[in-house]
Every structure is written in structure tokens, then in C-alpha cells.
Amino acid sequence: MENIYNLTKEQLIEYLLKYQGKKYHGEELFRWLYEKKIKSFDEATNIKKEIRNHLESDFFIGELDVVQIERDRDVNKYLFELQDKEHVEAVLMRHDYGNSICVSSQVGCNMGCKFCESGRRKKVRNLTTGEMVEQVLRIEKDLGERISHVVVMGIGEPFDNYDNLIDFIKIINDPNGLQIGSRHITVSTCGIIPKIEEFSSFPYQVNLAISLHAPNDTLRSSLMPINKVYPLKKLIPVLKKYTEKTSRRLTFEYILLKNVNDSNQCAEELSRLIEKMNAYVNLIPYNATENLDFSRSDAFQIMKFYDILKKNHINVTIRKEFGSKISAACGQLRSKKEDI
Ligand code: SAH
């Protein structure tokens with residue numbers, strides 16, 4: 001039996017056509033699943049009984065188990081248990097423009113970034129498309145409100161789970177599905193070049209975020225092993241081509257780590273690296289974790305770094321902070337659970 005949430009509308013239509021269904025049955029079923037959020041195929045009353053019987057024997061309607069929720073004023077953190085008892089997390093952030101969630105794409109992660117909690121555990125497996133979709137559905141259910149924005153920035157490297165990621169985007173964007181606008185969807189990657197190139201041909205205006213975290217190859221390789229495979233000197237030209245081809249929004253994420261990558265010189269070097277790229281820089285105050293050797297830059301140095309980028313005409317913002325109180329740094333909830 002397969003999870004029905006693994007299927008894009010096109011795949012569902014293809015399935016239904018095999019059983020003398022019509023194309024519009026696929027659209028209707030999508031509405032039943034994503035608007036009315038049915039829990040059994042029998043509820044889809046305008047779909048022929050015969051087709052419903054096929055659906056029932058081939059598919060289940062998945063739902064993630066929530067094992068823990070930490071709530072704060074404008075942020076909730078969810079720890080989910082998957083069918084094989086693995087755990088992933090997702091975070092809800094309430095913004096003035098809507099509800100945004102950060103979803104996970106893998107159980108564990110193989111990228112090994114030195115500052116990141118998620119990478120403490122190697123990748124166990126990719127999440128299925130359905131498991132990603134269910135994170136959105138389960139949080140909507142908890143809130144009783146619509147999710148308007150999705151960022152794929154939780155546990156895992158989304159471009160290391162490319163096909164499921166693409167189907168996930170198609171489903172949450174679908175006009176008969178969750179209807180999350182493509183400009184409200186952001187995928188974050190550590191910089192897997194072949195997938196960035198492939199993504200540039202994916203015809204959806206989705207935002208791309210690159211975890212940069214250093215302005216030169218020596219420093220970046222020491223923080224992010226992936227840089228040895230896809231160094232900045234190759235990555236930056238690929239990103240320039242990507243924005244020329246797609247005109248999509250590109251953001252560089254840069255965690256400020258005290259005395260590691262937060263000097264004035266780093267800010268100048270970063271400005272030169274990305275000048276004329278029409279990209280945004282999002283400066284991220286580091287969320288301290290228990291196990292690692294890094295600490296957050298001082299408020300003064302964060303502002304100094306920001307000012308230097310501004311002076312150099314770089315579009316820069318400092319990430320609004322959510323939930324460091326409730327261990328919302330990527331991967332922390334799960335690490336805590338597994339330490340217990
Ligand atoms: N693998 C993808 C997506 C997951 S990481 C990527 O690398 O982009 C999501 C973002 O959170 C990345 O920019 C990552 O570098 C950042 N991050 C990881 N640990 C953090 C911490 N302790 N504090 C703040 N940001 C962190």
C-alpha cells in the first residue's frame with residue numbers, strides 16, 4: 001500500500017485513468033484530500049464507488065504522529081514520529097504576512113556542516129514526498145489555520161532528495177491542492193551544483209536559498225565539507241547563470257559565528273564575492289547548541305557586518321529570531337529526544 005500523499009495530481013490522474021476514471025476525478029480527489037482533508041476514501045462521495053474501492057486497496061491516507069510540541073508566542077516546534085519510528089521536526093513561525101513553516105526533507109543529513117545540529121546524525125533515509133506533505137497538513141490541523149509559506153530548511157539536504165522534493169512542491173502548489181504560491185516556497189541548499197542546474201529548468205517560480213556561511217573557499221571548506229566538492233569558485237558562476245536564466249529570487253544565508261566568519265574583512269570579502277548578483281543576504285544569529293564549539297557573534301559585530309554590506313550596496317537583512325528559547329535551532333528537538 002502506498003501513501004496517497006506521495007502522488008502529484010498528474011500521477012493520480014494517470015492512476016484513475018487505468019480504472020476508467022476521468023481527468024476531473026483526479027482534480028476532485030485532490031480537493032477532497034487537500035481542501036476537505038478527508039481521512040477515508042469513502043468520504044469522497046462524488047467519486048464512483050468502484051474507483052473508491054481501488055483507491056482503498058492501493059493507498060492509505062497518511063498522517064504523521066506528533067510526539068512533542070513546544071509552543072511559544074509566535075513559534076511552534078513539532079517533533080514527528082514516522083512509521084518506522086524515526087523522528088523529524090518542523091517549525092511554525094507566525095509572521096504578519098501569514099503562517100510560515102520550515103519542513104524537513106531527510107532523516108539525518110550527510111552534509112556534515114560543522115556548526116549544524118542536524119548533521120550530528122548521518123542520513124538514515126530520504127523522506128517520501130508524502131511525509132513532507134504531511135508535515136504541512138499536520139500543522140494546519142493543529143492550528144486550524146492555513147499555512148501560506150513553506151521553507152525547506154529543516155533537517156536534511158533537499159537537493160540530496162531531489163525527486164521527492166519536486167513532487168512535494170508540485171503538490172503544495174497545486175491549484176486543487178494546498179495552493180501555496182510558488183513565490184511563497186523556498187528551498188535551501190548547501191550548494192549541490194548539478195541539482196541547482198537541474199532546478200533552473202523546473203518551471204516554477206520557487207525561491208532558492210544558498211547556505212553560504214563563508215566568503216572564501218578556505219574558510220568555507222573548513223566549515224562545510226561539501227565545499228571541497230562544489231567550491232565557491234564553481235558555485236558562484238553557476239548561481240549567476242541560474243538567476244539570469246530564471247529571474248527567481250536568490251538568497252544567501254550567512255550564520256554569524258563569533259571570531260570565525262564575522263570579521264569586517266569577511267564582510268568586505270563577501271561583498272566582493274556577490275557584487276552585482278542581485279541577490280539577498282540573510283544574516284543569521286547563530287543558535288547556540290550544547291554540543292558544538294561555536295558561539296554567536298556579539299550584537300555589535302552583527303551590526304558592523306550588516307553596515308559593511310549595506311555600504312557596499314548589498315541587499316541585506318538580519319533574520320528575525322524565533323524560538324531560541326524552545327530549542328528551535330535546526331535539529332535540536334530531535335537531538336534532545338535521542339540523547340534521552
Ligand atoms: N541542507 C540545507 C537545508 C537545511 S539547513 C542547507 O544547507 O541549506 C537550514 C539552514 O539552517 C542552513 O542555512 C543552516 O546552515 C542553518 N543552521 C544550521 N544550524 C544552525 C544554527 N545552530 N543556528 C542557526 N542556523 C543554523
Side-chain angles (χ1 to χ4, degrees), residues 75 77 88-91 93 100-123 126-127 132 135 150-162 164-165 168-169 185-193 195-196 199 206-214 219-227 229-230 232 235 239 250-258 260-262 270 279-297 302 317-336:
V75 54
K77 178 115 189 185
V88 289
E89 34 191 287
V91 183
M93 291 152 287
S100 167
I101 67 167
C102 171
V103 301
S104 293
S105 57
Q106 298 179 318
V107 178
C109 182
N110 276 345
M111 300 302 127
C113 299
K114 297 286 190 291
F115 47 81
C116 180
E117 188 76 6
S118 303
R120 278 178 63 209
R121 189 159 172 226
K122 286 276 157 256
K123 175 170 107 178
N126 285 328
L127 292 191
M132 286 191 260
Q135 293 174 60
V150 170
V151 299
V152 188
M153 269 187 206
I155 298 170
E157 168 48 50
F159 279 176
D160 186 34
N161 185 13
Y162 189 79
N164 292 346
L165 170 78
F168 167 68
I169 294 171
I185 300 170
T186 301
V187 176
S188 178
T189 177
C190 60
I192 306 202
I193 288 179
K195 295 299 167 190
I196 295 172
F199 199 57
V206 184
N207 308 311
L208 182 64
I210 303 289
S211 292
L212 196 68
H213 309 323
L219 183 55
R220 194 165 191 263
S221 293
S222 74
L223 295 172
M224 302 173 68
I226 192 71
N227 195 66
V229 189
Y230 303 118
L232 290 176
L235 180 61
L239 291 172
L250 179 70
T251 304
F252 289 110
E253 295 159 276
Y254 196 105
I255 304 178
L256 288 163
L257 304 164
K258 186 173 182 171
V260 175
N261 66 355
D262 67 345
L270 175 60
Y280 295 76
V281 173
N282 195 206
L283 296 176
I284 308 173
Y286 177 66
N287 276 318
T289 63
E290 283 161 33
N291 303 283
L292 303 163
D293 310 328
F294 298 97
S295 62
R296 163 183 297 223
S297 305
I302 294 177
T317 51
I318 299 178
R319 177 169 294 176
K320 175 171 187 289
E321 285 204 76
F322 285 100
S324 46
K325 255 205 317 252
I326 64 164
S327 53
C330 196
Q332 282 186 337
L333 207 58
R334 198 193 65 161
S335 300
K336 268 200 207 156

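Whatever order the structure lists them in is the order used to number ligands and atoms, beginning at 1. One-based numbering along the sequence shown.
- Atoms of ligand 1 lying under 4.0 Å from at least one heavy atom of C190, given by number and element, are 6 (C), 7 (O), 8 (O).
- For an aromatic pair to be called close, the ring centres must be under 6.0 Å apart, and Y286 with F115 fails this.
- Near H213, with a cut-off below 4.0 Å to any heavy atom, the atoms of ligand 1 are 13 (O), 14 (C), 15 (O).
- Of all the heavy atoms of I210, none lies under 4.0 Å from any atom of ligand 1, so neither backbone nor side chain is involved.
- Ligand-side atoms of ligand 1 in range of G156: 1 (N), 2 (C), 3 (C), 4 (C), range being under 4.0 angstrom from any heavy atom.
- Nearest-heavy-atom check against atom 10 (C) of ligand 1 across Q106, K114, E117, E253 picks out E253.
- Under 4.0 angstrom from ligand 1, there are no non-hydrogen atoms of M111.
- Note: an N/O pair closer than 3.5 Å links N287 and ligand 1 by distance alone.
- D262 is linked by a salt bridge (charged side-chain N to carboxylate O under 4.0 Å, His left out) to nothing, counting only residues two or more places apart in sequence or in another chain.
- The only option from N164, N126, V152 that meets the side chain to side chain contact (heavy atoms under 4.5 Å, CB included) definition with P158 turns out to be V152.
- In this comparison of I255, I192, L256, the heavy atom closest to atom 17 (N) of ligand 1 sits on I255.
- Distance check, rounded to the nearest 0.5 Å: OG of S297 to CD1 of I284 gives 12.0 Å.
- Under the side chain to side chain contact (heavy atoms under 4.5 Å, CB included) criterion, A209 pairs with M153, T186, S188, T251, E253, not counting sequence neighbours.
- With hydrogens and angles ignored, the 3.5 Å screen pairs no side-chain donor or acceptor of E89 with any backbone N or O of K77.
- Between N287 and R296, the closest side-chain pair of non-hydrogen atoms falls below 4.5 Å.
- Distances between N or O atoms of Y286 and those of ligand 1 include no value under 3.5 Å.
- When heavy-atom distances to ligand 1 are checked against a 4.0 Å cut-off, E157 comes that close through both its backbone and its side chain.
- Inter-residue side-chain proximity for L127 and V103 is flagged as unmet; no heavy-atom pair is nearer than 4.5 Å.
- Numbered from 1 in the order shown, with element, the atoms of ligand 1 that lie under 4.0 Å from a heavy atom of C116 read 18 (C), 19 (N).
- Interface of G154 with ligand 1, defined as ligand atoms under 4.0 Å from a residue heavy atom, comprises 4 (C).
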